[in-house]
Amino acid sequence: MDHSQHTTGEPPAAARVTAAAAQPRTPIPVLTDADRAAAFPELHHRMSHGSGIHGFLLVDRLEAWDGDDGNGQGWELQGWLGGDTNRVWLRSEGEREAGSTHAADVEVLYGRAVSAWWDVVAGVRQQTRPGDAQTWAAIGVQGLAPYMFETQATAYLGESGQVEAVVEVEYELLLTNRLILQPVVEASFFAKDDATRGVGSGLATTEAGLRLRYEFTRRFAPYIGLVHERAHGGTADLRHGAGDRTRDTRWVVGLRTWF
């Protein structure tokens with residue numbers, strides 16, 4: 001029997017598509033405030049923080065150099081002990097050159113988190129060099145500024161009424177997952193002259209560094225770098241009068257590690 005002329009009774013495919021397109025469609029409802037409130041409800045409880053005590057110690061710079069005045073070494077470290085909101089901070093930095101220490105201090109600070117990215121700190125700094133040992137009161141802020149700039153700004157009040165302010169900003173540029181370029185800029189200011197310590201009022205010193213490190217592991221990262229330090233204003237005049245250089249550029253090699 002020849003079935004070539006028979007049909008199933010269904011319209012052709014093109015006709016079915018056209019008919020479906022002609023059917024009325026249900027429009028997407030307009031988004032209302034009630035819909036938004038249901039999707040993003042307000043949280044009526046405060047964020048809870050862990051109650052555990054933890055600790056961290058970062059040796060950010062442990063370096064050496066061969067300068068015009070002989071071999072030198074420098075260090076900068078910071079650590080903390082506490083919880084998510086309240087911590088005790090330890091900070092220390094210093095330099096040795098030609099076999100003697102000419103800058104060294106240790107800070108013990110209480111820090112409280114005031115936002116997800118910033119801490120307010122206050123405490124004491126014990127400075128052993130330059131000059132005689134001196135104790136300073138300290139207050140400042142530290143944290144992560146927009147665009148991932150790590151920032152520290154601290155004001156110090158000395159026993160003799162001297163006021164010092166130090167601002168440090170650094171950034172980490174990931175060239176690869178292990179190769180990291182770290183630029184750092186630091187500036188110090190003093191309220192009045194202090195000839196015994198070789199500083200003048202106003203902007204005293206600036207230091208700019210560029211360090212390239214390779215992280216064999218996150219805890220072990222040797223680096224090389226270039227550092228330029230310069231004295232300004234009255235501080236430069238005092239150094240010049242004492243026969244010291246007012247600017248210095250040096251290559252450094254060092255290690256960054258943490259525990």
Side-chain angles (χ1 to χ4, degrees), residues 50 52-67 69-84 86-109 111 113 116-119 121 123 125-126 128-129 140-154 166-186 207-229 248-259:
I53 301 298
H54 306 281
F56 176 76
L57 178 63
L58 170 65
V59 182
D60 197 21
R61 298 178 198 122
L62 184 60
E63 59 192 28
W65 61 86
D66 186 6
D69 295 332
N71 296 332
Q73 303 83 37
W75 73 88
E76 181 174 333
L77 61 87
Q78 65 175 357
W80 56 265
L81 179 67
D84 295 339
N86 301 293
R87 293 175 177 176
V88 176
W89 286 85
L90 172 69
R91 302 197 305 212
S92 177
E93 63 179 4
E95 290 183 358
R96 289 176 54 84
E97 199 165 56
S100 63
T101 301
H102 61 86
D105 63 63
V106 177
E107 301 177 40
V108 179
L109 309 167
W117 308 107
W118 291 96
D119 289 355
V121 296
R125 175 177 74 168
Q126 183 66 31
T128 58
R129 295 286 188 277
V141 295
Q142 61 184 23
L144 197 62
Y147 302 101
M148 306 298 287
F149 287 92
E150 294 187 18
T151 306
Q152 287 185 359
T154 313
V166 180
V167 179
E168 179 179 320
V169 179
E170 66 180 49
Y171 184 80
E172 293 193 348
L173 179 62
L174 274 67
L175 305 180
T176 69
N177 287 338
R178 294 183 181 272
L179 191 63
I180 301 172
L181 186 65
Q182 183 189 49
V184 181
V185 177
E186 180 179 321
E207 181 179 303
L210 195 63
R211 295 171 174 84
L212 181 66
R213 72 176 185 265
Y214 185 84
E215 294 186 342
F216 289 96
T217 68
R218 296 300 183 189
R219 298 190 178 192
F220 182 80
Y223 64 83
I224 59 173
L226 181 66
V227 178
H228 177 74
E229 182 183 1
D248 181 35
T249 302
R250 59 185 183 267
W251 290 96
V252 299
V253 58
L255 175 68
R256 183 180 191 267
T257 185
W258 57 270
F259 306 94

Query raised in the report: Does any N or O in the side chain of Ser92 come within less than 3.5 Å of the main-chain N or O of Asp105, such that one atom is a donor and the other an acceptor?
Result: yes
Query raised in the report: Will you find, in the side chains of Glu63 and Gln73, an N or O donor that is under 3.5 Å from an N or O acceptor?
Result: no
Query raised in the report: For the side chain of Thr257 and the backbone of Arg219, is there at least one donor-acceptor N/O pair under 3.5 Å apart?
Result: yes
Query raised in the report: Are more than 12 heavy atoms from other residues, nucleotides or ligands located less than 6.0 Å from atom CH2 of Trp117?
Result: no
Query raised in the report: Among all residues two or more places apart in sequence or in another chain, which pass the ring pair (Phe, Tyr, Trp, His ring centres under 6.0 Å) test with Trp258?
Result: Phe56
Report summary line: When every non-hydrogen atom of Pro222 is compared with those of Leu255, the smallest separation belongs to N-CD1, 3.8 Å
Requested in this report: For the pair Tyr214 and Phe216, name the ring-plane relationship: parallel under 30°, tilted 30 to 60°, perpendicular over 60°.
Outcome: perpendicular
Query raised in the report: Is a side-chain N or O of Arg178 found less than 3.5 angstrom from the main chain of Glu215, in a donor-acceptor match?
Result: yes
Requested in this report: Show your working on side-chain hydrogen bond (donor to acceptor under 3.5 Å, both in side chains) between Thr154 and Arg91 and close with a plain yes or no.
Outcome: CA-CA 12 Å; Thr154 313; Arg91 302 197 305 212; 3.0 Å; yes
Report task. Could you tell me whether the side chains of Arg61 and Gln182 share a donor-acceptor contact shorter than 3.5 Å? Result -> no
**Report entry** Closest non-hydrogen atom pair, Tyr147 against Tyr171
**Finding:** O-CE1, 3.1 Å
Requested in this report: Return the minimal non-hydrogen interatomic distance between Leu62 and Trp75, and the atom names on each side.
Outcome: CD1-CB, 4.2 Å
Query raised in the report: Do Gln78 and Gln152 meet the criterion of a side-chain donor-acceptor pair at a distance under 3.5 Å?
Result: yes
Query raised in the report: For residues Arg129 and Thr101, is any side-chain donor paired with an opposing acceptor at under 3.5 Å?
Result: no
Query raised in the report: Does the pair Asp60 and Arg256 meet the rule for a side-chain contact (heavy atoms from CB on, under 4.5 Å), with working shown?
Result: CA-CA 5 Å; Asp60 197 21; Arg256 183 180 191 267; 2.9 Å; yes
